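Contents: one structure, followed by commentary.
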Amino acid sequence: SCNALSSSHSWIVSFSAKDMKHRLGFLLQKSDSCDYSSSQGKKEKLSSSQRVSQEEVRKWAESLENLIHHERGLAAFRAFLKSEYSEENIEFWVSCEDYKKTKSPAKLSPKARKIYDEFISVQATKEVNLDSCTREKTSHNMMEPTLSCFDEAQRKIFTLMEKDSYRRFLKSPYYLDLVSPPGAGCGPESCKRSHTHTLDCNSNIISQCA
């Protein structure tokens with residue numbers, strides 16, 4: 001019985017050692033994966049509220065209109081323009097869009113004057129780049145403001161952004177980081193296999209918009 005007890009004891013010790021080794025290995029492995037994923041997790045949490053589908057992001061490369069009519073696209077483009085110190089263009093465009101939704105005739109004049117003073121007048125704090133003809137016509141419209149009094153000026157600024165800053169935006173990290181975020185593919189399954197494919201997808205989108 002002593003021999004049986006001794007062998008039983010050695011088996012328990014052996015099992016405990018193996019079990020501990022297995023547990024330790026598991027914990028180390030888990031620790032490594034946690035270290036790797038902790039930063040990823042933080043990024044996920046930070047960007048979870050700002051997620052947008054890759055299909056939608058790629059539509060932004062089709063036209064400036066698609067970009068700025070999407071809430072996340074507008075926010076990304078505004079951030080990019082801010083980095084170039086030209087956010088007054090998108091702010092003017094957004095103000096015009098808001099102005100055209102004015103329902104009360106009594107509010108037209110004060111709202112129009114505010115936009116004019118902020119973006120168009122000679123002493124405007126955020127003066128936009130308009131030609132003298134458009135500026136003069138918009139000034140004339142201030143005498144009797146209508147919902148369309150900023151249409152021409154807004155169209156000119158839209159065209160300016162479309163030909164200039166929009167093209168730079170598509171080649172900037174503000175767009176590229178969204179179209180192919182770190183650790184994710186850029187669309188079809190074939191693009192998710194390697195970093196090379198990711199670069200290929202980005203190159204295709206840039207070449208389409210160049």
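Note that this is a predicted model, so its numbers are computed, not measured. Along the sequence shown, the residues carry numbers beginning at 1.
Taking both residues in full, the closest heavy atoms of Ser109 and Pro145 are given as CA-CG, 4.0 Å, listed atom of the first, atom of the second, then distance. Taking all atoms of both residues into account, the shortest heavy-atom contact from Ser165 to Phe80 is O-CE2, 3.3 Å. Of all non-hydrogen atoms in Arg78 and Glu87, the two that sit nearest each other are O-CB, 4.5 Å. Of all heavy-atom pairs spanning Lys126 and Glu88, the tightest one is O-CB, 3.5 Å. Across every non-hydrogen atom of Thr138 and Ala153, the tightest pair is OG1-CB, 3.8 Å. Looking at every heavy atom in both residues, Arg58 comes nearest to Tyr175 through CA-OH, 3.7 Å.
Ile120 has its side chain within reach of Phe92: a pair of non-hydrogen atoms, C-beta onward, lies under 4.5 Å apart. Residues Glu56 and Arg72 are not in side-chain contact: their nearest non-hydrogen atoms beyond the backbone lie 4.5 Å or more apart. Counting only heavy atoms from C-beta outward, the side chains of Leu74 and Ile90 approach each other to under 4.5 Å. The shortest side-chain heavy-atom distance between Met161 and Leu64 falls under the 4.5 Å cut-off. You'll find the side chain of Gln154 reaches within 4.5 Å of the side chain of Glu97, heavy atoms only. At a threshold of 4.5 Å between non-hydrogen side-chain atoms, the residues Val179 and Trp60 do not count as touching. Two residues are said to be in side-chain contact when any heavy atoms from C-beta on lie closer than 4.5 Å; Leu160 and Asn129 meet this criterion.
Note that OH of Tyr116 is 11.0 Å distant from SG of Cys149, once rounded to the nearest 0.5 Å. Here Asp164 contributes atom CG and Ser86 contributes atom OG; the two are 8.0 Å apart, rounded to the nearest 0.5 Å. Rounding to the nearest 0.5 angstrom, the gap separating the CD atom in Gln54 from the CG atom in Leu178 is 8.0 Å. Leu170 CG to Leu176 CG: the interatomic distance, rounded to the nearest 0.5 Å, is 8.0 Å. To the nearest 0.5 Å, the span separating CG on Leu147 from CG on Leu108 amounts to 5.0 Å. Lys137 contributes atom NZ, which lies 7.0 Å from atom CG of Asn141 (distance to the nearest 0.5 angstrom).
Between Tyr166 and Phe77, the angle of the ring planes goes over 60°, which puts this pair in the perpendicular group of the 30/60° scheme. A perpendicular orientation is assigned to the rings of Trp93 and His69, their planes being inclined by more than 60° (bins at 30° and 60°).
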* What's the verdict on salt bridge (Lys or Arg N to Asp or Glu O under 4.0 Å) for Arg135 and Glu152, showing C-alpha distance, side-chain angles and the deciding distance? -> CA-CA 9 Å; Arg135 195 180 297 275; Glu152 189 172 338; over 6 Å; no
* Just do the side chain to side chain contact (heavy atoms under 4.5 Å, CB included) check on Phe169 and Leu67 with the steps written out, would you? => CA-CA 11 Å; Phe169 167 77; Leu67 173 67; 3.7 Å; yes
* To do: Show your reasoning for whether ring-ring contact (aromatic ring centres under 6.0 Å, His included) applies to Phe150 and Tyr99.
  => CA-CA 9 Å; Phe150 293 110; Tyr99 174 78; 5.3 Å; yes
* What's the verdict on side-chain hydrogen bond (donor to acceptor under 3.5 Å, both in side chains) for Asp151 and Ser148, showing C-alpha distance, side-chain angles and the deciding distance? -> CA-CA 5 Å; Asp151 282 5; Ser148 61; 4.6 Å; no
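Using a 4.0 Å cut-off between a side-chain N of Lys or Arg and a carboxylate O of Asp or Glu, Arg168 and Glu84 qualify as a salt bridge. Taking the charged nitrogens against the carboxylate oxygens, Asp117 and Arg113 do have a contact shorter than 4.0 Å, which makes a salt bridge.
Under the 3.5 Å distance criterion, the side-chain polar atoms of Glu91 are left unmatched by any main-chain donor or acceptor of Phe119.
Residue Lys114 places its NZ atom among 12 or fewer non-hydrogen atoms of other residues, nucleotides or ligands, all under 6.0 Å distant.
In the model, Lys111 has a side-chain atom that pairs as donor or acceptor with a side-chain atom of Thr102 under 3.5 Å.
The side chain to side chain contact (heavy atoms under 4.5 Å, CB included) test with His140 is passed by exactly one of Glu144, Glu136, Met142, Met143: Met143.
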